[in-house]
Engineer: 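First the structure, which I've put down as structure tokens, then a few questions once you've had a look.
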Amino acid sequence: MMSPLPRLTRHARAGTALAALIATFGAALHAQPVPDAFTIIETGERFATLQAAVDAVGSGRATIRIAPGTYRQCAVQEQGVITYAADTPGTVIFHGRSCEGKAALVLRGIAAEVRGLTFTNLAVEDGNGAGIRLERGNLNIAHARFQNSQQGILTADDPSGRIFITRSTFSGLGTCEHSAGCAHSLYVGNYGALTVRESRFERGTGGHYLKARARTVTIENNSFDDSGGRATNYMIDLPAGSIGRIAGNWFIQGRDKENYSAFIALGAEDLLHPSDGLEVVDNEARFVPGIQRQSTFLADWTASRIVMRGNRLAEGLRQYQQR
């Protein structure tokens, strides 16, 4: 827990207000087109909007470097291979603007990579407003942040595609209050392979933290911190069955749960993929301090042969249950 902030003096309060005003003014400036905000590295071309830069790449392959700032913009990639890279990681924010009623980035080209971008305050009418909507193709994500939106990443199905996410944060995401059903911090459809490593999931506001119908999953060395969550469900949901590895993760289940009966769910909906040989190893799982309840670390609807070893579980938490 953070300690309370000290009381500010009159001069400190004035300075804080001025800093806030400057920050707000700077954000407003970047909400408008800036002539050279988006640069195609390979050609040196500069654009005022992200969509103009994406259109200029077309069916080619390029990196779009984005200057620091807060942008009320969105873009749709129809083709090509594009890397979206912050000039300095953590200094580029896409805030509150969705294309096609979907997301800040709608991706249906051959492939895309996102480096160092933040997506925040994305909401649409059907409840699936996301930082990224991936409709086909491969996707790599590194050092990205998805915050305070209905959903972080939402994908369609692409059984030949792969998704790789590393060192990224999903915070304040998820909802079950709209006609389209629940939105989640991260939802991946029927993809060929999903890898999530060294990332943080926290402060969920509904749905699951990670839900994936991918055939193969690698979920390693992440933290799932539900201590500040509300009305959340499973921390990992593999509803269609999956093979692969869930290893070295840290889980803490919070108080305010829509469903606290399991931390990880396997095959609870429709079985698209085999799960024999799925490894769930060397994870640590517990409840938030002050909670005493019964739950299951892995609930399995597939009756598959699951490899479980080295998991360190809190009292009241059984390792496995077939349902």
Engineer: Could you walk me through whether Arg230 and Thr205 pass the side-chain contact (heavy atoms from CB on, under 4.5 Å) test, one step at a time?
Structural biologist: CA-CA 5 Å; Arg230 54 184 175 83; Thr205 53; 3.7 Å; yes
Engineer: So, Asn221 side chain and Asn249 main chain: donor-acceptor pair closer than 3.5 Å or not?
Structural biologist: no
Engineer: We want to know whether Asn283 and Asn311 form a side-chain donor-acceptor pair, criterion being a heavy-atom distance below 3.5 angstrom.
Structural biologist: yes
Engineer: Could you tell me which non-hydrogen atom of Asp158 sits nearest to which non-hydrogen atom of Gly137, and how far apart they are?
Structural biologist: OD2-N, 2.8 Å
Engineer: For Arg61, enumerate each residue passing the side-chain contact (heavy atoms from CB on, under 4.5 Å) test, keeping only those at least two apart in sequence or located in another chain.
Structural biologist: Val81
Engineer: Below 4.5 Å, heavy atoms only, C-beta onward: do Thr118 and Gln147 meet side chain to side chain?
Structural biologist: yes
Engineer: Report yes or no: do Tyr84 and Arg65 form a side-chain donor-acceptor pair below 3.5 Å?
Structural biologist: no
Engineer: Is there a side-chain contact (heavy atoms from CB on, under 4.5 Å) between Asp276 and Ile243? Walk through the geometry before answering.
Structural biologist: CA-CA 7 Å; Asp276 276 339; Ile243 57 173; 6.0 Å; no
Engineer: How long is the gap from CD on Gln51 to SG on Cys99, to the nearest 0.5 Å?
Structural biologist: 6.0 Å
Engineer: State whether Glu100 and Arg108 are salt-bridged, where the test is any N-O pair (Lys NZ or Arg NE/NH1/NH2 against Asp/Glu carboxylate O) under 4.0 Å.
Structural biologist: yes
Engineer: Do Asp55 side-chain atoms and Ala53 backbone N/O form a donor-acceptor pair below 3.5 Å?
Structural biologist: no
Engineer: Please give me the minimum heavy-atom distance between Cys176 and Gly207, naming the atom from each residue.
Structural biologist: SG-N, 3.6 Å
Engineer: Is there a side-chain contact between Phe224 and Ile252 (heavy atoms, below 4.5 Å)?
Structural biologist: no
Engineer: Within this structure, what is the CG-CD distance for the pair Asp282 and Glu279, rounded to the nearest 0.5 Å?
Structural biologist: 9.5 Å
Engineer: Is there a side-chain contact (heavy atoms from CB on, under 4.5 Å) between Val54 and Glu78 once you walk through the steps?
Structural biologist: CA-CA 9 Å; Val54 169; Glu78 300 277 4; over 6 Å; no
Engineer: For salt bridge (charged side-chain N to carboxylate O under 4.0 Å, His left out), just list the numbers for Asp36 and Arg46, CA-CA rounded to whole Å, side-chain angles, deciding distance to a tenth of an Å, and then say yes or no.
Structural biologist: CA-CA 5 Å; Asp36 58 354; Arg46 297 184 176 187; 3.5 Å; yes
Engineer: Could you state the interatomic distance from CZ (Arg200) to OG (Ser168), rounded to the nearest 0.5 Å?
Structural biologist: 13.5 Å
Engineer: Evaluate the side-chain proximity of Leu210 to Leu194: yes if any heavy-atom separation is below 4.5 Å, no if none is.
Structural biologist: yes
Engineer: Quick check on Phe287: does its CZ atom have over 12 non-hydrogen neighbours (other residues, nucleotides or ligands) under 6.0 Å away?
Structural biologist: yes
Engineer: Compare all side-chain heavy atoms of Gln319 with those of Gln321 and state whether any distance is below 4.5 angstrom.
Structural biologist: no
Engineer: Give the minimum heavy-atom separation between Tyr209 and Gly204, together with the two atoms involved.
Structural biologist: OH-N, 2.9 Å
Engineer: Would a 4.5 Å heavy-atom cut-off, applied to side chains only, mark Asn140 and Thr166 as touching?
Structural biologist: no
Engineer: I'd like to know if the side chain of Gln73 and the backbone of Leu50 have a donor-acceptor N/O pair within less than 3.5 Å.
Structural biologist: yes
Engineer: Parallel under 30°, tilted from 30 to 60°, perpendicular over 60°: which one fits the rings of Phe146 and Phe119?
Structural biologist: parallel
Engineer: Has the side chain of Ser199 got a donor or acceptor atom that lies under 3.5 Å from a matching backbone atom of Arg197?
Structural biologist: yes
Engineer: May I ask you to test the Glu269-Asp237 pair for a side-chain heavy-atom distance under 4.5 Å?
Structural biologist: yes
Engineer: Roughly how far, to the nearest 0.5 Å, is the CD atom of Gln322 from the OG atom of Ser304?
Structural biologist: 9.0 Å
Engineer: Under the 3.5 angstrom rule, does the side chain of Thr175 hit a backbone N or O of Ala183 as a donor-acceptor pair?
Structural biologist: no
Engineer: Taking all non-hydrogen atoms of both residues into account, name the closest pair between Ala285 and Leu317 and its distance.
Structural biologist: CB-CD2, 3.7 Å
Engineer: Would you check if the distance from the ring center of Phe94 to the ring center of Tyr71 is below 6.0 Å?
Structural biologist: yes
Engineer: I would like to know whether His273 and Asn190 meet side chain to side chain donor-acceptor pair (under 3.5 Å); could you show each step before the answer?
Structural biologist: CA-CA 10 Å; His273 313 295; Asn190 183 19; 3.0 Å; yes
Engineer: By the ring pair (Phe, Tyr, Trp, His ring centres under 6.0 Å) test, which pairs, at least two apart or in different chains, include something from residues 294-318?
Structural biologist: Phe251-Phe297
Engineer: Using a 4.5 Å cut-off on heavy atoms from C-beta on, say whether the side chain of Thr83 contacts that of Ile64.
Structural biologist: no
Engineer: Between the side chains of Thr43 and Glu45, is a donor N or O closer than 3.5 angstrom to an acceptor N or O?
Structural biologist: yes
Engineer: Find the distance between CG (Leu238) and CG (Leu278) and round it off to the nearest 0.5 Å.
Structural biologist: 7.0 Å
Engineer: Checking Gln77 side chain against Ala112 main chain: does a donor-acceptor pair fall under 3.5 Å?
Structural biologist: no
Engineer: In terms of relative ring orientation, are His208 and Tyr234 parallel, tilted or perpendicular, with 30° and 60° separating the classes?
Structural biologist: parallel
Engineer: Kindly say whether Tyr320 contributes a backbone atom to a donor-acceptor pair with the side chain of Thr296 at under 3.5 angstrom?
Structural biologist: no
Engineer: As a quick check of understanding, evaluate side-chain contact (heavy atoms from CB on, under 4.5 Å) for Lys211 and Leu186, giving each step before the final call.
Structural biologist: CA-CA 6 Å; Lys211 181 171 183 174; Leu186 169 62; over 6 Å; no
Engineer: Does any non-hydrogen side-chain atom of Leu107 lie less than 4.5 Å from one of Leu139?
Structural biologist: yes
Engineer: With sequence neighbours left out, what residues match Arg286 under salt bridge (Lys or Arg N to Asp or Glu O under 4.0 Å)?
Structural biologist: none
Engineer: Quick one: does Arg167's side chain have a donor or acceptor within less than 3.5 Å of a partner on Ala142's backbone?
Structural biologist: no
Engineer: Quick one about Arg203 and Asn148 (side-chain donor to acceptor, distance below 3.5 Å, no hydrogens or angles considered), yes or no?
Structural biologist: yes
Engineer: Looking only at the side chains, is there a donor atom on one of Arg133 and Asn128 sitting less than 3.5 Å from an acceptor on the other?
Structural biologist: no
Engineer: Check for a donor-acceptor pair, side chain of Ser149 on one end and backbone N or O of Leu122 on the other, with a separation under 3.5 Å.
Structural biologist: yes
Engineer: Checking side-chain contact (heavy atoms from CB on, under 4.5 Å) against Phe201, which of Val196, Thr169, Leu173 comes through?
Structural biologist: Val196
Engineer: Are a donor atom and an acceptor atom from the side chains of Asp157 and Tyr191 found within less than 3.5 Å of each other?
Structural biologist: no
Engineer: For Ser227 and Val288, work out which heavy atoms get closest and say how close.
Structural biologist: CB-CG2, 3.9 Å
Engineer: Any side-chain donor paired with an acceptor under 3.5 Å for Asp300 and Thr302?
Structural biologist: yes
Engineer: For atom CD of Glu198, decide whether the heavy atoms of other residues, nucleotides or ligands shown that lie under 6.0 angstrom number more than 12.
Structural biologist: yes
Engineer: Hydrophobic clusters join Ile, Leu, Val, Met, Phe, Trp and Tyr when side-chain heavy atoms are under 4.5 Å apart, directly or via other members; which others share one with Leu272?
Structural biologist: none
Engineer: Any chance you could measure Ser242, atom OG, to Ile219, atom CD1, to the nearest 0.5 Å?
Structural biologist: 7.5 Å
Engineer: Group every Ile, Leu, Val, Met, Phe, Trp and Tyr by side-chain heavy-atom contacts under 4.5 Å, then state whether Val57 and Phe38 land in the same group.
Structural biologist: yes
Engineer: Kindly say whether Asn233 contributes a backbone atom to a donor-acceptor pair with the side chain of Lys257 at under 3.5 angstrom?
Structural biologist: yes
Engineer: With ILVMFWY side chains joined below 4.5 Å, transitively, what does Val106's cluster contain besides itself?
Structural biologist: Val76
Engineer: Going by the rule salt bridge (Lys or Arg N to Asp or Glu O under 4.0 Å), which residues pair with Arg115 if we only count those two or more places apart in sequence or in a different chain?
Structural biologist: Glu113
